[in-house]
Amino acid sequence: MAEVRAGRVSDLADGQRILLDVDGREVFVFEREGRFYAFQNVCPHMGGPVGEGILMGKVEAVLGEHRETVRERFSKAEIHLVCPWHGWEFDIETGLCAAWPTKYGIRRYEAVQRGEDVYVVG
Ligand code: FES
């Protein structure tokens with residue numbers, strides 16, 4: 001598999017994203033907590049630019065003594081990318097759709113740091 005240089009690590013500071021072409025597909029790259037992520041920039045719902053979406057923790061229920069929902073909170077462990085067009089959410093670790101993980105997802109690529117540069121494995 002070929003590696004495509006995405007840019008400098010510093011280009012991804014402060015939540016910046018890089019768009020690049022990987023084997024004819026538009027791919028976006030971002031960094032979060034020292035890890036690099038790359039996905040194809042096409043939402044499986046209606047083709048929206050999912051790479052322009054925000055990152056947020058999965059909304060999860062906090063259960064009480066009898067397993068009733070006491071409140072809800074944003075997960076710190078499961079982070080979702082939210083498509084800006086209609087709000088479909090994708091787990092950034094897998095690319096799978098939060099609502100229909102067995103049916104939909106966005107294509108994930110490996111993103112690696114080499115020195116001061118980040119590469120996407122196509
Ligand atoms: S195109 Fe992404 S949610 Fe509709």
Side-chain angles (χ1 to χ4, degrees):
M1 291 195 167
E3 290 187 355
V4 180
R5 182 180 175 276
R8 313 249 330 146
V9 170
S10 58
D11 295 335
L12 294 167
D14 301 323
Q16 292 298 307
R17 295 179 186 171
I18 295 173
L19 283 175
L20 69 153
D21 183 285
V22 178
D23 203 22
R25 294 186 172 95
E26 187 173 76
V27 171
F28 64 95
V29 181
F30 63 94
E31 178 272 339
R32 184 177 185 279
E33 296 186 348
R35 294 184 57 200
F36 298 96
Y37 298 85
F39 296 95
Q40 187 174 358
N41 193 26
V42 178
C43 178
H45 178 218
M46 293 181 71
V50 67
E52 295 179 23
I54 63 167
L55 295 174
M56 59 181 276
K58 171 187 175 185
V59 176
E60 60 187 11
V62 177
L63 301 180
E65 181 180 342
H66 303 290
R67 300 199 52 79
E68 77 282 12
T69 299
V70 175
R71 63 184 173 90
E72 293 180 315
R73 66 182 175 201
F74 292 111
S75 171
K76 292 185 179 2
E78 185 173 330
I79 304 301
H80 290 175
L81 174 68
V82 184
C83 180
W85 279 11
H86 313 101
W88 281 27
E89 298 182 22
F90 302 91
D91 185 332
I92 65 168
E93 297 304 325
T94 63
L96 296 177
C97 180
W100 302 282
T102 59
K103 192 168 182 182
Y104 298 108
I106 51 177
R107 180 173 176 174
R108 182 163 187 209
Y109 293 81
E110 183 181 0
V112 294
Q113 180 177 355
R114 303 210 187 289
E116 292 302 313
D117 295 324
V118 178
Y119 290 83
V120 173
V121 182

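As the structure lists them, so they are numbered: ligands from 1, and atoms in each ligand from 1.
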Note: with side-chain heavy atoms under 4.5 Å as the link, the other cluster members for M46 come out as none
In terms of ring plane angle, is the pair W88 and F90 parallel, tilted or perpendicular, where the classes change at 30° and 60°?
-> tilted
Y119 side chain to E110 side chain, donor-acceptor N/O pair below 3.5 angstrom | no
E33 and K76: CA distance, side-chain angles, deciding distance, salt bridge (charged side-chain N to carboxylate O under 4.0 Å, His left out) verdict = CA-CA 12 Å; E33 296 186 348; K76 292 185 179 2; over 6 Å; no
Heavy atoms from other residues, nucleotides or ligands near CG of D23 exceed 12 (cutoff 6.0 Å) | no
What about V22 and Y37, same hydrophobic cluster or not, with Ile/Leu/Val/Met/Phe/Trp/Tyr joined at side-chain heavy-atom distances under 4.5 Å?
-> no
Atom 2 (Fe) of ligand 1 neighbourhood, protein N/O/S only, threshold under 2.8 Å = C43 SG, C83 SG
